[in-house]
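As the structure is a prediction and not an experimental result, all values here were calculated from the model. Below, all heavy atoms of this structure are taken into account, side chains as well, without hydrogens, waters or symmetry copies. Just so it is clear: chains get the letters A, B, ... in the order the sequence lines come, proteins before strands, and each one is counted from 1.
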There are 2 protein chains.
Amino acid sequence: MAGRPQIFSEEEALGKATQLFWSKGYEATSTDDLLAAMSIGKSSFYNTFKGKRELFEKVIENFVNQSVAGLLKDTEAGTDPVQAIKNFFRKLANSPQNMHQKGCFMGNIVVELSNIDKPLESMAIKRLKKMEQLFQDLIIKAQQSGLLKSNEDPVVIARYLVTMWNGLNITRRMYPDPERLLPLVEMQLSVLK
Amino acid sequence: MAGRPQIFSEEEALGKATQLFWSKGYEATSTDDLLAAMSIGKSSFYNTFKGKRELFEKVIENFVNQSVAGLLKDTEAGTDPVQAIKNFFRKLANSPQNMHQKGCFMGNIVVELSNIDKPLESMAIKRLKKMEQLFQDLIIKAQQSGLLKSNEDPVVIARYLVTMWNGLNITRRMYPDPERLLPLVEMQLSVLK
DNA sequence: TTAATTTTGTACTATTTGGTACAATATATA
DNA sequence: TATATATTGTACCAAATAGTACAAAATTAA
């Protein structure tokens with residue numbers, strides 16, 4: 001319980017690492033890149049985060065998707081779950097350019113590492129499935145309350161929404177502007193009625 | 001017009017390189033990996049393909065999506081364009097495991113390189129847009145012939161289909177089995193009526 | 001004040017990276 | 001057969017990579 005005090009904030013450093021990994025991916029992010037972004041020295045890096053891979057794992061574990069968090073908030077606020085979902089996707093379409101370019105962190109990981117690093121891919125898949133579960137809960141709630149008339153299997157609807165999310169996160173890089181994305185989103189949401 | 005003859009088939013070597021890049025991505029594929037997969041020496045490699053990046057460009061340019069080629073064939077065979085599209089996606093759902101794991105080569109490139117190498121990303125995006133154009137042509141044909149009653153904008157429908165494709169190529173890695181994917185695909189295809 | 005403890009800075013290292021240099025080799029043509 | 005020409009194999013290289021070693025610095029507890 002003694003020792004020299006840490007000169008940096010672990011949380012802050014982790015946030016910087018997250019941003020970097022999110023935009024450049026795992027392989028293309030070098031440890032030197034990380035040190036620069038996190039503004040810490042090599043010793044501090046290896047001392048507190050053990051290594052690049054271990055840091056990446058921690059980044060995945062700590063990652064909170066802001067959009068999803070917003071969706072969750074809307075729901076808890078008592079909003080119509082169907083409207084919450086629709087808002088979620090409309091917000092995606094209206095994101096700033098740099099968000100379009102980054103896409104979904106977990107989706108990016110699945111794509112980059114599916115034939116490179118299965119354990120890391122699995123961690124990302126687990127996160128995407130959590131998102132799917134969130135959708136499923138909302139759909140069930142909407143069906144029970146009668147706000148959603150469709151009696152399609154909630155499991156399939158949820159999986160459809162996740163696929164939409166995954167797809168949009170690539171398509172939005174092809175068309176990083178709301179004018180193209182919004183009509184697309186509306187068509188995709190037409191299932192929810 | 002003299003000189004020692006090439007000991008390998010350029011086309012074959014390019015095919016091997018394509019498979020490797022497709023499964024491991026750009027960054028994680030080393031030149032040594034390539035040499036081994038292509039079964040050629042370093043000299044031959046740099047002599048005929050100039051370098052890793054140039055090879056990758058050539059691979060993208062020469063890439064023919066087998067599934068898309070099949071779709072095109074079905075169409076030319078005079079099949080109902082709507083059915084052709086439906087078959088296309090159902091076939092995707094029924095692909096073997098390793099295809100699920102590989103996903104869409106062009107989509108993979110967009111994800112991996114969107115913040116790393118814009119020129120390469122653009123090449124991949126161009127290809128995805130070609131696919132979108134193919135969908136659009138089919139939708140227009142289907143609407144004109146009355147096989148598709150929906151009068152939604154063909155541009156939006158095509159973009160919706162590409163987004164479906166992009167999304168499925170991630171979701172199929174979460175659920176690499178037809179039992180989960182088929183109901184999902186059917187729901188997504190419900191727009192086509 | 002000293003000892004124990006932890007973090008930090010600097011120098012170093014082994015491996016892998018993409019790529020060159022260049023001579024040896026194998027062919028077509030003169 | 002000799003020569004021009006193109007491909008190939010081997011050795012080499014500089015830079016970047018992830019990670020270590022270890023002493024110096026900064027703190028708390030005894």
Side-chain angles (χ1 to χ4, degrees), chain A residues 1-60 109 112-113 115-120 123, chain B residues 1-60 109 112-113 115-120 123:
Chain A
M1 262 135 171
R4 184 171 173 171
Q6 246 182 0
I7 199 74
F8 65 97
S9 148
E10 255 178 66
E11 199 184 323
E12 209 174 302
L14 207 65
K16 294 289 188 181
T18 303
Q19 292 306 313
L20 195 61
F21 276 131
W22 190 352
S23 54
K24 310 216 327 172
Y26 181 70
E27 293 283 347
T29 301
S30 71
T31 44
D32 280 355
D33 288 341
L34 287 166
L35 297 186
M38 300 164 89
S39 316
I40 63 178
K42 225 160 208 195
S43 285
S44 303
F45 181 85
Y46 284 100
N47 191 35
T48 61
F49 300 109
K50 185 135 176 74
K52 181 184 167 182
R53 215 198 117 97
E54 291 85 350
L55 171 61
F56 194 68
E57 285 173 8
K58 192 161 192 176
V59 160
I60 294 179
I109 294 171
E112 186 189 351
L113 301 176
N115 288 296
I116 298 287
D117 194 320
K118 279 289 169 195
L120 291 180
M123 292 179 68
Chain B
M1 262 133 180
R4 183 171 175 172
Q6 244 181 4
I7 199 73
F8 65 98
S9 149
E10 257 179 63
E11 199 185 322
E12 209 173 302
L14 207 66
K16 294 288 188 183
T18 303
Q19 291 306 314
L20 195 61
F21 276 132
W22 191 350
S23 53
K24 308 216 326 170
Y26 181 71
E27 293 283 348
T29 301
S30 71
T31 44
D32 280 355
D33 287 341
L34 286 166
L35 297 187
M38 301 164 90
S39 317
I40 64 179
K42 224 160 208 199
S43 286
S44 304
F45 180 86
Y46 283 100
N47 192 33
T48 61
F49 300 108
K50 187 134 175 77
K52 180 184 167 182
R53 215 199 118 98
E54 291 85 348
L55 171 62
F56 194 68
E57 285 173 8
K58 192 162 193 176
V59 160
I60 294 179
I109 294 171
E112 185 190 352
L113 301 176
N115 287 297
I116 298 286
D117 194 319
K118 279 289 171 197
L120 292 180
M123 293 180 68

Please list every donor-acceptor pair under 3.5 Å in which a side-chain atom of residues 5-13 of chain A meets a protein atom from a residue at least two apart or in another chain.
unit_1	atom_1	unit_2	atom_2	d
A:Gln6	NE2	A:Glu10	OE2	3.2
A:Ser9	OG	A:Glu11	N	3.4
A:Ser9	OG	A:Glu12	N	3.0

Exercise for review: For DNA chain C, find the residues of residues 49-59 of chain B with a heavy-atom distance under 4.0 Å and give them by number; none if there aren't any.
Suggested key: B:Gly51, B:Lys52
Point to revise | Interatomic distance, A:Gln6 CD vs C:dT5 C1' [rounded to whole Å] | key: 14 Å
Practice item. Taking salt bridge (charged side-chain N to carboxylate O under 4.0 Å, His left out) as the test, write out the residues that go with B:Arg4, two or more places apart. Key: none
**Study point:** Whole-Å distance separating the CG atom of A:Asn47 from the P atom of D:dA21
**Key:** 14 Å
Check your understanding: D:dA26 P sits how many Å from A:Arg4 CZ, rounded?
Key -> 5 Å
Check your understanding: Of all residues at least two apart in sequence or in a different chain, which pass the ring-ring contact (aromatic ring centres under 6.0 Å, His included) check with B:Phe56?
Key -> B:Phe21, B:Tyr26
Exercise for review: Return the set of residues passing side chain to side chain donor-acceptor pair (under 3.5 Å) with A:Glu54 (not counting sequence neighbours), or none when no residue passes.
Suggested key: none
Check your understanding: Roughly how many Å is it from CZ in A:Phe45 to P in D:dG19, rounded to a whole number?
Key -> 7 Å
Exercise for review: Please collect all salt bridge (charged side-chain N to carboxylate O under 4.0 Å, His left out) contacts where either partner lies in residues 30-40 of chain B, sequence neighbours excluded, each pair once.
Suggested key: B:Lys24-B:Asp33
**Study point:** Spacing of A:Thr29 atom OG1 and A:Gln19 atom CD [to the nearest 0.5 Å]
**Key:** 11.5 Å
Exercise for review: Could you tell me which residues satisfy salt bridge (charged side-chain N to carboxylate O under 4.0 Å, His left out) with B:Glu57, sequence neighbours excluded, listed by chain and number?
Suggested key: B:Arg53
Practice item. State, to the nearest 10°, the angle formed by the axis through the first five base pairs of the helix from C:dT1-D:dA30 to C:dA30-D:dT1 and the axis through its last five. Key: 0°
Side-chain donor/acceptor pairs under 3.5 Å, residues 37-50 of chain A, sequence neighbours excluded:
unit_1	atom_1	unit_2	atom_2	d
A:Thr48	OG1	A:Ser44	O	2.9

Review point. Of the non-hydrogen atoms in A:Leu120 and A:Ile109, which two are nearest, and what is the gap between them?
Key: O-CG2, 4.1 Å
**Study point:** Strand-adjacent residues in residues 7-43 of chain A, judged by heavy atoms under 4.0 Å from DNA chain D
**Key:** A:Thr29, A:Ser30, A:Thr31, A:Lys42, A:Ser43
Review point. Can you tell me how far the CD atom of B:Glu27 sits from the CG atom of B:Leu113, to the nearest 0.5 Å?
Key: 7.0 Å
